[in-house]
Asker: 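Have a look at the structure that comes next, please.
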Amino acid sequence: MRNTLLGAAAVIALSAPAFAADLPPRPYTKAAPAYTAPQVVYNWTGFYVGGHVGGAWAGDNSIPGNSGRFFGGVQGGADYQFATNWVIGIEAQYSWMSSNNTGVIFPGGSTATEDTRGLGSVTGRLGYAWGPTLLYAKGGYAWRDSDLSVASLGGVPSGYTTSGSRNDGYTVGAGLEYLFAPNWSAKVEYQYYKFGDTTFTGGPADVVGTSFRNDEHTVKAGINYRFGWGGPSVAKY
């Protein structure tokens, strides 16, 4: 029995190298590439509506003076992104303003009071976008809803006439807008409004011939909801 076992072991030992030579080679497995997160592509093209709040103050040599006022309003528009990073658009907005009944007192005791109740504009926009951020400038037509009154000495209301159109003008501004969620953006913006000067051509003697500037400086923060193509979308890997 011992001789039989020793013989079997010798046969196995001698045949093992030959058996191993007949085995096929182990296949080569390429390592899987590391995961790369998709690149988010932001598209500013589309329509939007939104609202804003802010503050306004008139410039020097204006009838209401440069005291600050609060306002709130709405805006809407459309943007088109082109040449990769450039954005062009159009926007309409209107702001309702808090009351301001301050005015000026003339040397003869007459007074003039002006209250601007609202500011509106239709402007073009041109901006440069990088990712979710858009830096832009704007400019166009502006109008305002204002009430002007004149009173003679003693506070008696007086008739008057003025030259030019004191409620139509232009506006320019600049701002920064940020896409913080799909279809939602927030902005901060400065806007300057310039209307025709108020020059009195008729009324109390101490009022006639005087002239005042009609301009407004505004700073606002707003939020927009963007329809259709606006907002981030995953497009590149």
Side-chain angles (χ1 to χ4, degrees), residues 50-77 90-125 136-175 187-222:
H52 61 266
V53 294
W57 66 97
D60 296 332
N61 192 32
S62 63
I63 292 177
N66 56 8
S67 57
R69 285 158 292 160
F70 173 81
F71 65 82
V74 294
Q75 71 270 351
I90 186 170
E91 181 180 80
Q93 73 173 20
Y94 189 82
S95 305
W96 291 272
M97 307 184 70
S98 59
S99 180
N100 181 19
N101 290 316
T102 59
V104 295
I105 302 175
F106 296 90
S110 300
T111 59
T113 304
E114 185 175 67
D115 184 20
T116 299
R117 295 179 290 266
L119 295 172
S121 64
V122 177
T123 58
R125 295 206 315 173
Y136 64 89
K138 61 188 295 186
Y141 171 71
W143 74 94
R144 67 174 181 165
D145 177 16
S146 70
D147 180 36
L148 177 64
S149 61
V150 175
S152 59
L153 182 63
V156 179
S158 175
Y160 66 90
T161 58
T162 62
S163 64
S165 176
R166 61 186 186 83
N167 288 328
D168 295 287
Y170 68 88
T171 180
V172 293
K187 70 173 183 177
V188 291
E189 181 180 278
Y190 166 79
Q191 196 165 349
Y192 171 74
Y193 298 81
K194 179 65 176 76
F195 304 99
D197 295 343
T198 296
T199 300
F200 288 98
T201 57
D206 56 341
V207 172
V208 174
T210 58
S211 182
F212 298 90
R213 289 175 56 89
N214 293 308
D215 54 0
E216 296 280 352
H217 302 265
T218 66
V219 175
K220 66 177 74 71

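These figures come from a predicted structure and were not determined experimentally.
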Asker: Is any side-chain heavy atom of Thr171 closer than 4.5 Å to one of Phe195?
Answerer: no
Asker: Restricting to non-hydrogen atoms, name the atom on Trp57 and the atom on Val219 that form the minimum distance, rounded to 0.1 Å.
Answerer: CH2-CG2, 3.9 Å
Asker: Quick one, Glu189 with Gln75, criterion side-chain contact (heavy atoms from CB on, under 4.5 Å). Give me CA distance, side-chain angles, the key distance, then yes/no.
Answerer: CA-CA 13 Å; Glu189 181 180 278; Gln75 71 270 351; over 6 Å; no
Asker: Over 60° means perpendicular and under 30° means parallel, so tell me whether Tyr192 and His217 are parallel, tilted or perpendicular.
Answerer: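 Plane angle between 30° and 60°, so tilted.
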Asker: Quick check: do Trp96 and Asp145 have side-chain heavy atoms less than 4.5 Å from each other?
Answerer: no
Asker: Tell me every residue that passes ring pair (Phe, Tyr, Trp, His ring centres under 6.0 Å) with Tyr170, counting only those two or more places apart in sequence or in another chain.
Answerer: none
Asker: Side-chain contact, heavy-atom cut-off 4.5 Å: Gln191 with Glu216?
Answerer: no
Asker: Sequence neighbours excluded, which residues qualify as side chain to side chain donor-acceptor pair (under 3.5 Å) partners of Ser62?
Answerer: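 Checked Ser62 against side chain to side chain donor-acceptor pair (under 3.5 Å); zero matches.
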Asker: Looking at Pro204 and Gly159, what are the two nearest heavy atoms and their distance?
Answerer: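 Shortest heavy-atom separation between Pro204 and Gly159 comes out as CD-O, 4.1 Å.
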Asker: Kindly indicate, with the supporting measurements, whether the criterion side-chain contact (heavy atoms from CB on, under 4.5 Å) is fulfilled by Asn167 and Trp143.
Answerer: CA-CA 6 Å; Asn167 288 328; Trp143 74 94; 5.9 Å; no
Asker: If every non-hydrogen atom of Thr162 is compared with every non-hydrogen atom of Phe200, which pair is closest and at what distance?
Answerer: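 The answer is CG2-CD2, 3.9 Å.
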Asker: Considering residues at least two apart in sequence or located in another chain, which fulfil the salt bridge (charged side-chain N to carboxylate O under 4.0 Å, His left out) criterion with Asp206?
Answerer: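 Here no residue qualifies.
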Asker: If every non-hydrogen atom of Ser110 is compared with every non-hydrogen atom of Ser152, which pair is closest and at what distance?
Answerer: OG-CA, 3.7 Å
Asker: Could you tell me whether the side chain of Ser98 and the main chain of Phe70 form a donor-acceptor pair under 3.5 Å?
Answerer: yes
Asker: My understanding is that only one of Leu148, Asn61, Thr199 makes a side chain to side chain contact (heavy atoms under 4.5 Å, CB included) with Phe212; could you say which?
Answerer: Asn61
Asker: Is there a donor-acceptor contact under 3.5 Å linking the side chains of Thr198 and Asn214?
Answerer: yes
Asker: Looking only at non-hydrogen atoms, find the nearest pair between Ala56 and Met97 and report the distance.
Answerer: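 So the two residues come closest at CB-CE, 3.4 Å.
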Asker: Could you report the tightest heavy-atom contact between Lys138 and Ala174, atom names first, then the distance?
Answerer: CG-N, 4.5 Å
Asker: Apply side-chain contact (heavy atoms from CB on, under 4.5 Å) to residues Phe106 and Leu153 and explain how you reach the verdict.
Answerer: CA-CA 9 Å; Phe106 296 90; Leu153 182 63; over 6 Å; no
Asker: Apply the test side-chain contact (heavy atoms from CB on, under 4.5 Å) to residues Thr116 and Phe71: give CA-CA distance (whole Å), side-chain angles for both, the deciding distance (0.1 Å), then the verdict.
Answerer: CA-CA 11 Å; Thr116 299; Phe71 65 82; over 6 Å; no
Asker: Say you draw a straight line from CD1 of Ile63 to CZ of Arg166; how long is it, rounded to the nearest 0.5 Å?
Answerer: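 That separation rounds to 7.5 Å.
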Asker: Are any of the side-chain nitrogens in Asp147 or Arg144 under 4.0 Å away from the carboxylate oxygens of its partner?
Answerer: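 Between Arg144 and Asp147 there is no salt bridge, as every charged N stays at least 4.0 Å from the carboxylate O atoms.
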Asker: Return the CG to OG distance between Asp115 and Ser99, rounded to the nearest 0.5 Å.
Answerer: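 Rounded to the nearest 0.5 Å, the CG-OG separation comes to 4.0 Å.
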